[in-house]
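The structure appears right after this line, and notes come after that.
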Amino acid sequence: LVTGSTSGIGKAVVERFVANDMRVVINSAKSVDAGKAMVAELGEERTHYLQGDISDPSDAQRLVDETVARFGRLDVLVNNAGTTVRIPHDDFETATPEIFRRLYDVNVVGTYQVTVAAIPHLRESGAGCIVNVGSVAGVRPTGSSVPYAVSKAAMHHLTALLANTLAPTVRVNAVAPGLVDTPWTAEWGDLHEAIKFVAPMQRAAVPDDVAEVVQALIDSPYVTGQVWVIDGGLSLR
């Protein structure tokens, strides 16, 4: 089950999983046509689309229940669904408590709700694995807004707490991308230009850069509780 997977990083993860002979449930809160188009392209035997908002407790549970109903088991959960809003870090009036709550409802609470629903099935798998898609903004004082960065830091700590609690039957790791070239960041031209001069790799990530690391974490049976930064060396500078 890959939440938030009809575009960007989530879509790249789905495509990589299918290429590696995995069966995958695609999810989005709103992009129904895009999800159905992915199923048509990747095949109904290997993929299935479910609409659902992870911040809604009933949707979070239903996503897991219908995944298991469709494919008979759940071995891997990728918590990719998330949201942000771009606000300068010193704009305290715009970064309201309401924005904090909205971002937390999806990025932290939503991730937690889907995870809790999935835990019994991941344990039953015998080799269950969770990968949370965090952000370098949760590691360093950067990111699209203060509420977003704090929510991703919380997700990283949730990763460590779950890894410690669910071992040895379920592994939990996170990836922490820097700027990724996705439809979500398409209008952030200033940041894409700046990253060329700041990051040692001189470019933003593409979604498959992140999907490759997600796959690596799934394929690494002795790795748990880690946050893997994928920022082209940006953290060095």
Side-chain angles (χ1 to χ4, degrees), residues 1-14 17 22-32 34-35 38-39 47-84 101-125 127-135 138 148 151-167 169-177 184 210-211 214-215 217-218 224-225 227:
L1 170 60
V2 184
T3 65
S5 50
T6 55
S7 68
I9 293 170
K11 183 178 180 182
V13 169
V14 170
F17 283 0
M22 298 171 69
R23 296 177 296 175
V24 190
V25 168
I26 301 161
N27 157 256
S28 67
K30 298 178 181 178
S31 308
V32 177
M38 286 178 66
V39 172
T47 58
H48 183 64
Y49 171 76
L50 292 174
Q51 182 183 15
D53 180 350
I54 66 166
S55 67
D56 182 319
S58 60
D59 274 9
Q61 183 66 54
R62 179 178 55 79
L63 288 175
V64 172
D65 291 344
E66 293 191 17
T67 295
V68 175
R70 176 67 176 82
F71 288 129
R73 59 188 295 160
L74 179 59
D75 303 288
V76 174
L77 169 63
V78 178
N79 285 308
N80 176 69
T83 189
T84 189
R101 293 186 187 100
R102 178 159 60 87
L103 268 59
Y104 258 75
D105 277 348
V106 178
N107 298 350
V108 183
V109 179
T111 293
Y112 181 72
Q113 290 177 154
V114 177
T115 298
V116 169
I119 285 171
H121 304 287
L122 294 170
R123 281 175 165 158
E124 186 177 352
S125 164
C129 181
I130 300 169
V131 180
N132 296 323
V133 179
S135 171
Y148 173 78
S151 74
K152 289 300 186 177
M155 176 189 271
H156 296 170
H157 197 55
L158 176 63
T159 298
L161 292 165
L162 291 171
N164 191 45
T165 301
L166 297 176
T169 54
V170 179
R171 296 183 302 109
V172 189
N173 293 288
V175 293
W184 192 274
V210 183
V214 172
Q215 184 72 60
L217 288 170
I218 290 168
T224 196
V227 177

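Every value quoted in this text rests on a predicted model; they were computed, and no experiment measured them.
- Screening residues 59-70 for salt bridge (charged side-chain N to carboxylate O under 4.0 Å, His left out), with sequence neighbours left out, gives Asp59-Arg62, Arg62-Glu66.
- Listed here is the closest heavy atom pair of Met155 and Val133: SD-O, 3.2 Å.
- Judged by distance alone, with hydrogens and angles left aside, the side-chain atoms of Lys30 form no donor-acceptor pair with the main-chain N or O of Asp53 at under 3.5 Å.
- Evaluation of the side chain to side chain donor-acceptor pair (under 3.5 Å) rule for Ser58 yields Asp56 as partners, not counting sequence neighbours.
- Residues forming a side chain to side chain donor-acceptor pair (under 3.5 Å) with Thr169 (at least two apart in sequence, or on another chain): none.
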Would Leu166 and Ile119 satisfy side-chain contact (heavy atoms from CB on, under 4.5 Å), going step by step from the backbone distance to the final call? CA-CA 8 Å; Leu166 297 176; Ile119 285 171; 4.0 Å; yes
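- Under the salt bridge (charged side-chain N to carboxylate O under 4.0 Å, His left out) criterion, Asp75 pairs with Arg73, not counting sequence neighbours.
- Side chain of Thr165 to main chain of Leu162: no donor-acceptor pair is present (N/O by atom type, distance under 3.5 Å, no hydrogens or angles).
- Between Leu122 and Ile130, some side-chain heavy-atom pair lies under the 4.5 Å cut-off.
- The environment of OH in Tyr112 is sparse: at most 12 heavy-atom neighbours from other residues, nucleotides or ligands sit within 6.0 Å.
- Across all their heavy atoms, Ala174 and Leu217 have their closest contact at O-CD1, 4.1 Å.
- To the nearest 0.5 Å, the span separating OG1 on Thr111 from CG on Asp105 amounts to 11.0 Å.
- Between Arg101 atom CZ and Ser55 atom OG the span is 15.0 Å, to the nearest 0.5 Å.
- For the atom pair NZ (Lys11) and CD1 (Ile26), the distance works out to 9.5 Å, reported to the nearest 0.5 Å.
- Scanning both residues, Leu103 and Thr83, for their nearest heavy atoms gives CG-O, 3.9 Å.
- Nearest heavy-atom pair across Gln113 and Ile54 is NE2-O, 2.9 Å.
- Among all heavy-atom pairs drawn from Ala163 and Thr224, the shortest one is CB-OG1, 3.5 Å.
- Checking side-chain atoms of Thr159 against main-chain N and O of Gly225 turns up no donor-acceptor pair under 3.5 Å.
- Between the side chain of Arg171 and the main chain of Ile218, a donor-acceptor pair closer than 3.5 Å is present.
- Applying the side chain to side chain donor-acceptor pair (under 3.5 Å) criterion to Ser28, with sequence neighbours excluded, gives Tyr49.
- At least one donor-acceptor pair under 3.5 Å links the side chain of His156 to the backbone N or O of Ser135.
- The one candidate from Val78, Asn79, Thr47, Val25 that meets the side-chain contact (heavy atoms from CB on, under 4.5 Å) condition with Val2 is Val78.
- Judged by distance alone, with hydrogens and angles left aside, the side-chain atoms of Asn107 form no donor-acceptor pair with the main-chain N or O of Lys152 at under 3.5 Å.
- Separation of atoms CG (Leu1) and CG (Asn80) is listed at 10.5 Å; rounding is to 0.5 Å.
- Scanning for side chain to side chain donor-acceptor pair (under 3.5 Å) contacts around Gln215 gives Asn20, Asp219, with sequence neighbours left out.
- Nearest heavy-atom pair, Leu63 versus Gln51, reported as atom, atom and distance to 0.1 Å: CD2-O, 4.2 Å.
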